[in-house]
Amino acid sequence: MLTQDITLTETHLPTTTEPRNPGMPLDLDWVARVQANTSAIERRCATLPGRRSVKKEHQAAWLLKAITLIDLTTLSGDDTARRVQRLCAKGRNPVRADILAALGMDQIHTGAICVYHEMVETAVAALAGSGIPVAAVSTGFPAGLSPFHLRVAEIKESVAAGAAEIDIVISRRHVLSGNWQALYDEMSEFRAACGEAHVKAILATGELGTLRNVARASLVCMMAGADFIKTSTGKESVNATLPVSLTMIRAIRDYYSETGFRVGYKPAGGISKAKDAITYLALIKDELGDRWLQPDMFRFGASSLLNDIERQLEHYVSGAYSATYRHAMG
Amino acid sequence: MSVSEIFESMEYGPALESAGQAHAWITANAPFGHFINGKMTAHSDGFASNNPATGEELAQLSQASADDVNTAVKSARTAFNSWSKTTGHERAKVLYALARLMQKHSRLFAVLETMDNGKPIRESRDIDIPLVARHFYYHAGMAQLMAAELPDRAPLGVCGQIIPWNFPMLMLAWKIAPALAMGNTVVLKPAEFTSLTALLFAQICNEAGVPKGVVNIVTGDGAVGEIITAHKDIDKIAFTGSTDVGRAIRKATAGSGKSLTLELGGKSPYIVFDDADIDSAIEGLVDAIWFNQGQVCCAGSRLLVQENIAETFYEKLRTRMDGLRIGDPLDKCIDVGAMVDPVQVARVHAMVQAADGNVYHAGTDCPSEGCFYPPTLITDVETSSPLMQEEIFGPVLVATTFRTPDEAVALANNTRFGLAATVWSENINLALDIAPKLVAGVVWVNATNLFDAAAGFGGTRESGFGREGGWAGLAAYTKPSKIEKTIAAAQPMPAPKDVQPSGLDRTAKFYFGGKQARPDSGYSTPIWSAKGKLIGHVGQGSRKDIRNAVEAATAAKAWAKTSGHLRAQILYYIGENLNARGAEFVDRLMAMTGMNAGHAKAEVAASVESLFTFAAWADKFEGRAAGVPLRGIALAMNEPTGIIGTLCGDQSSLLGVIRPMAANLAMGNRSVMIASGAYPLAATDLYQVLETSDVPAGAVNILCGDHAEMAPHLAAHMGVDAVWNMGDPSLAAAIEVASASNIKRTWNAQSPSDKDMLAQACEVKTVWVPYGE
């Protein structure tokens, strides 16, 4: 377990070693016990920004940390090699050098670059030597309704092309029809197809109807060996929200306390402000603990968040509010 | 710490709210006097108000003298003459201006509140002050609507209001907004620890156009409260604070004719069933017992967890506690601030030291200076422990387990208090079954400590009486506009010189639990007709008969759960049977009181009609769904008050029994009625009517005896929830003093309206049910 991880860690996962979640047999009793009271979860989330505030040098440090947790993403039909190369370059140098210097920080980079399969090779090449992993969205992303064998094959092709992380989409219909066994089996096969690449299970929470479904789907995916659970494709009408996040990370906490394995969390879609990023980090810190504030345990799936953070950092350094165009676009 | 170090540690840093403007306001205005007749008086007889988080002195305040209180009351009395005559719209404009000004100065109020009280700035900024503004907005509307919606109500007059230190501004708003809306004027005393925001409020009163003397604020300690309580020209006392002081105020105001509302202590249960969303229930506890350092009268301080999940629950709870951040209340990144005063910290510490359960203090940094106490959980606390019974009023949660829903209810209600309760379950059947069974003025389902101006708040048992907020809250600041003529007790017909025998003896016993029972004393009193004929004997009731009557009423608890439809049917049936025997009652009334046939017939007819009226109301005196700003419902449910003891009046010896009895029955109460002292036989004749009308045993209990002798025993009985004195008004003092035993409601009224009787026969319970999937 550990040995296989260590090789991966050196090239792809920049921080700490953590044993991979091996999964466990599907425990339907546990799944059935799960409850999620929506209004209570919403209240907790609504009061969180008022309870947790991070200012000055702490805010700067937290924002820098947030950058290292970003899966800098492009998932557009008009992506080209040059576009992806530019994004990868931004991932290597996410913050202007003078700002980093003023903050007394060494070079940092984003958590990963996230692309479609067709762009994996380009991205891998562009990131060579950076230690930044390439994540590929897969399994008929975003709807996940292509033939099953093709979805499995897609994973294998992306891994072969050099993707270190695979963001799969689950079959929402298994959740909506309460077919937990089917969800478990599907997730298990995806995990197996990933081999040594880490697998993030995208639940598409905006399409699951209830937070209880979100909690149950989270649990089943972890039982089936997901390394990360992720909210959304970014293509649903509702993507990452605090209530969904709270529900999912509470499932992660329960899974950890039951099995001893840490599963990572990735909210994706709709997080575009530095302030939101801080709130998310506070939520993770308070509910899961500091260990989850590292890139092997937490990622933001985001494209425009980075620029807002850069502006906040420049403001901290200069004392004056910044402008978008002063920071290199990704 | 450098940025790169924090980048590694990911610690929270200080995030201090600036105190600059609040300090500037204090500097510009200190030392403080009182706010009387629209002006600040000169500072005198000073005492210090301190910041509990730092111990620093914030300002010098003045201790009010009897003269200061006198001047304040005089100015309030003068102002009342005009303010009570202003239109609702005029008052609404003033209250609206107060609401707007609260919002405009919201941060200043919040920061000042936090400095003075020690509560986290998050709470004063996001909860207290917004609720204050909301309260003034809401009551601006009540002022606007008063003439149309409450045409039979009038303001009380000058209200003396004494408020605690735990929510200084919010309690001020809860007291002042409804009082002003209904046309009253006030003399308010904030707690001596926390007077600063009240003094800031005084300033905005002038900006809002509150006429001089309508609001007066005097500062000082409990001695000032005593002067207010005893003041002869105050019409109403509203008090929020400890049960002990509430009890003292009840005794001090007894017989003074002052209206009284008391919002006192609590030991509110927090029930978690095994099908609850456990993580949310734990987060709820943070809002229940670690909100405002646990210094909350309705704090969910008694955790009752279903046995099969208890250990897991406790473990998760301890982990959550470790994540709480304690510290400088002006820090925007803390959960728990400072307790209000070193005295409170010492008291809590002593109680926890004496604990008999497993004590766990949150594993989180707690400042060593200032009034801080760590969040604490004590598990395996037995019901017999003082920690389970007494209010701790600090961040200390005590816990025990239950096995079944019935046991949860039994444990929850095993307390002298009855303020609030919380239920967590994802099963709607279970949650909505439990909520009505909990003895509390407020029940939160899957939430806790939700407040709003539209939702009544207040307790039962030793948590006090009266409601604040909502329509029910207005009753605390109004009285019937029709002035009642008070009539003294009648004297029984004198014994004649020559006793004439009465023919075949009919013995009027007492009526307990559906059976006729002999008086415990073994003594009887003859009842003479107006013409000097012996028309019967009645037993001389004693305190033991009261005990027996209350036992019978207690056993009849199923009556409280019957449907309004069933209660209506029984009331109609009583009316039918009374009507059938109408001639007999006419004869009895004529013989007993000497009234003419026409009057006697009219009284019997009115009695039958009254039974019909209350039968009609039985399924129509409905609660409300309060318009709270929440996705969910807040139900204001009319629940029976419980066991009501009534001293029946002499003026209408039949109708005087029928009306309170019917009102009690209609709303599901059980009655212990002491018949008119002078003319008891109309009541005793009713036994046979009740026996033939399907009235369940114990729902109505009737006895006779000397009111003056029996009233204190009835009022002191801790199994009685309310006493209505509809007879001799001079007994009010004795009743009110005795009622302090369990802080029961008392009511003196000789000919109240039907609606007022129905309102007295109910407790409004607010059940909050947030929903959403």
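Chain identifiers are assigned alphabetically (A, B, ...) following the order of the sequence lines, protein sequences preceding nucleic acid strands; residue numbering begins at 1 within each chain.
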A/Arg253 versus B/Asp279: any side-chain heavy-atom pair under 4.5 Å? yes
side-chain contact (heavy atoms from CB on, under 4.5 Å), that's the test. Do A/Asp254 and B/Lys316 meet it? Break it down for me. CA-CA 10 Å; A/Asp254 282 350; B/Lys316 282 190 157 210; 2.7 Å; yes
Could you report the tightest heavy-atom contact between B/Tyr12 and A/His58, atom names first, then the distance? C-CD2, 3.7 Å
If I measure from the heavy atoms of chain B, does A/Ala282 come under 4.5 Å with its side chain, its backbone, both, or neither? both
With heavy-atom distances below 4.5 Å as the criterion, would you say the side chains of B/Ser280 and A/Arg44 are in contact? no
Chain B shares the most heavy-atom pairs under 4.5 Å, among A/Lys55, A/Gln59, A/Arg43, A/Arg250, with A/Arg250
Contact part of B/Ile127 toward chain A, heavy-atom cut-off under 4.5 Å: side chain, backbone, both or neither? neither
Report, as yes or no, whether the 6.0 Å neighbourhood of atom CZ on A/Arg326 holds more than 12 heavy atoms from other residues, nucleotides or ligands. no
Heavy atoms only, distances under 4.5 angstrom: which of A/Arg51, A/Glu287, A/Met105, A/Glu57 has the most pairs with chain B? Name it, please. A/Arg51
Can you see whether B/Glu426 engages A/Asn37 through a side-chain donor-acceptor pair at a distance of less than 3.5 angstrom? yes
Counting only heavy atoms from other residues, nucleotides and ligands, does the tally under 6.0 Å from CD1 of B/Ile428 exceed 12? no
Checking B/Pro120 against chain A: side chain, backbone, both or neither under 4.5 Å from a heavy atom? neither
I'd like to verify something: which residue of A/Val54, A/Leu281, A/Val34, A/Asp286 has the highest number of heavy-atom pairs under 4.5 Å with chain B? A/Asp286
Nearest heavy-atom neighbours spanning A/Thr38 and B/Gly772: CB-O, 3.3 Å
Could you tell me which portion of A/Leu293 (side chain, backbone, both or neither) has an atom closer than 4.5 angstrom to a non-hydrogen atom of chain B? side chain
Most heavy-atom pairs under 4.5 Å with chain B, out of A/Gly104, A/Ser53, A/Ser257, belong to A/Ser53
Go through the atoms of B/Arg325 and report whether side chain, backbone, both or neither lie under 4.5 Å from a heavy atom of chain A. both
Could you check if a side-chain atom of B/Asp335 sits within less than 4.5 angstrom of a side-chain atom of A/Arg52, using non-hydrogen atoms only? yes
CE (B/Met10) and CD (A/Gln294) are apart, to the nearest 0.5 Å, by 8.0 Å
Decide if atom CD of B/Gln21 counts as having more than 12 heavy atoms of other residues, nucleotides or ligands within a radius under 6.0 Å. no
Proximity breakdown for B/Ile309 and chain A, heavy-atom pairs closer than 4.5 Å: neither
Does some side-chain heavy atom of B/Glu773 sit less than 4.5 Å from a side-chain heavy atom of A/Arg212? yes
With a 4.5 angstrom heavy-atom cut-off, which part of B/Ala276 approaches chain A: side chain, backbone, both or neither? backbone
Within the structure provided, determine whether B/Phe7 and A/Thr68 are in side-chain contact (heavy-atom separation under 4.5 Å). yes
Let me see the working for A/Leu64 and B/Ile6 under side-chain contact (heavy atoms from CB on, under 4.5 Å), right down to the final yes or no. CA-CA 10 Å; A/Leu64 288 163; B/Ile6 302 166; over 6 Å; no
Considering all heavy atoms, the nearest B/Ser9-A/Asp290 contact: O-OD2, 3.9 Å
Would you mind telling me which of B/Leu630, B/Val3, B/Asp287 has the largest number of heavy-atom pairs within less than 4.5 Å of chain A? B/Val3
In sequence, state the C-alpha distance, the side-chain angles, and the governing distance for B/Asp126 and A/Thr47, and then conclude on side-chain contact (heavy atoms from CB on, under 4.5 Å). CA-CA 9 Å; B/Asp126 296 350; A/Thr47 61; over 6 Å; no
For B/Ser2, which atoms come within 4.5 Å of any heavy atom of chain A: side chain, backbone, both, or neither? neither
